[in-house]
Amino acid sequence: MGAASPAMRAGLVLAAFLLAQSAAAGALPRFAEAPEYRNGEGCPAPVAGAGVCDPGLVHIAMTLDAHYLRGSMAAIYSLLKHASCPESLFFHFLAAEGGGAPAVADLRTAVAASFPSLRFEIYPFRADAVAGLISASVRAALEAPLNYARNHLADLLPRCVPRAIYLDSDVLAVDDVRRLWETRLPAAAVVAAPEYCHANFSRYFTEAFWNDPVLGARVFAGRRRAPCYFNTGVMVIDLRRWRVGNYRQRIEWWMEMQKEKRIYELGSLPPFLLVFAGEIEAVDHRWNQHGLGGDNVFGSCRPLHNGPVSLMHWSGKGKPWDRLDAGKPCPLDHTWKSFDLYIGENDSSASGQSRSALSSSAALPAGVFSW
């Protein structure tokens, strides 16, 4: 049999996604109600009638889906707990639409039940918006269309929102996210994120890419700095500059190129690197202690990197909720567990853990974090 055409491959990607969504459909998991957190002294007063356009808000964007919902709920809880002005956080959730995905109304109900005072909006995202651009990856989960929804943030969020912090669902904040929000973006930068220049940047692309006479190192010539790896699970994005620069289209141009030449293997990350590596504003590494989920094949346990920690990130195959449920947690998964609002099937309590128990359980292990 000959190689599948691009249209056929796109159809297979979309079909696989819809099948997975259908399998995950049904009643969403139950979650406990989180403790309520209020603004401290010095927080900006809300502007009457401004709503989402209030200039004092901190905008956080995440995706919501059935499998990662448990991670998202823990992430939200951790962000609120450590925020100096929790009532000033506004969450923008991108959720898959159609194909057996949880209904937006059901997701809205689940989030509001655990966080009654949370300020948030949910934006439907259709898989067919990107399915024709997605190529096979080293891990099937990396092919999910919702992984590419962050490319559409500037199209989906209200125009009055000047910037957003994009976070993956497998993160845990242990610091005030406003510090990340206040990252300075110079005029030449659209994205800010921690860079990892010690990583082998060349491995994110194939030999065919590096050997191509018009690609390879020529792609990164003339950039602000030498290109370095950065993880797209934690980013500060200037949405206005993104729109002006047509950056979604630039990323999708490389995804189209991937259809013609196999220039990378790793899902949604490489197109971001092709557009932004060497151009982003570097952020302190403390804001993305990533790799806690191991690699993309085995998901083995990993420790924290040396240095202070403001945000932990279980990037990689191993997710803390899956490892905990399997009875094979890694040491740091127990820290994540202290923010887990999930009510298991064997939990007879109507509301899960008590609010006081949740609040006290969120104490972090002594000596783990350096401030």
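Everything quoted here is computed from the prediction, not taken from an experiment.
For Arg223 and Phe220, the positive end is not near the middle of the six-membered ring at less than 6.0 Å and at most 45° from its axis.
The aromatic ring centres of His198 and Tyr229 sit 6.0 Å or more apart. Separation of the Phe120 and His92 ring centroids does not fall under the 6.0 Å cut-off. Ring pair Tyr123/Phe125: centre-to-centre distance not below 6.0 Å. A ring-centre distance under 6.0 Å is not found for Phe276 and Phe230. Note: Trp254 and Phe205 fail the aromatic proximity criterion, with ring centroids not under 6.0 Å apart.
With sequence neighbours excluded, the residues satisfying side-chain contact (heavy atoms from CB on, under 4.5 Å) with Asn211 are Glu207. Listed by chain and residue number, Glu36, Glu87 satisfy the salt bridge (charged side-chain N to carboxylate O under 4.0 Å, His left out) test with Arg38 (two or more places apart in sequence, or in another chain). Listed by chain and residue number, nothing satisfies the salt bridge (charged side-chain N to carboxylate O under 4.0 Å, His left out) test with Asp54 (two or more places apart in sequence, or in another chain). By the ring pair (Phe, Tyr, Trp, His ring centres under 6.0 Å) test, Trp181 is found to be paired with His59, residues two or more places apart in sequence or in another chain being considered.
Contact check on Lys337 versus Asp333 returns no salt bridge, with no Lys/Arg side-chain nitrogen under 4.0 Å from an Asp/Glu carboxylate oxygen. Ionic pairing of Glu256 and Lys261 is not present here: no N-O contact between side-chain nitrogen and carboxylate oxygen is shorter than 4.0 angstrom.
Between the side chain of Ser114 and the backbone N or O of Val111, no donor-acceptor pair lies under 3.5 Å.
Evaluation of the disulfide bond (SG atoms under 2.5 Å apart) test over residues 145-186, restricted to residues two or more places apart or in two chains, returns Cys53-Cys160. For the disulfide bond (SG atoms under 2.5 Å apart) condition, the pairs that include at least one residue of residues 58-112, sequence neighbours left out, are Cys43-Cys85.
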Candidate pair His82 and Asp176, rule side-chain hydrogen bond (donor to acceptor under 3.5 Å, both in side chains), full reasoning
CA-CA 5 Å; His82 292 97; Asp176 186 356; over 6 Å; no
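Of the residues Asp322, Asp340, Asp170, the one that meets the side-chain hydrogen bond (donor to acceptor under 3.5 Å, both in side chains) test with Arg70 is Asp340.
The structure places CD1 of Ile134 at 8.0 Å from NZ of Lys259, a figure rounded to the nearest 0.5 Å.
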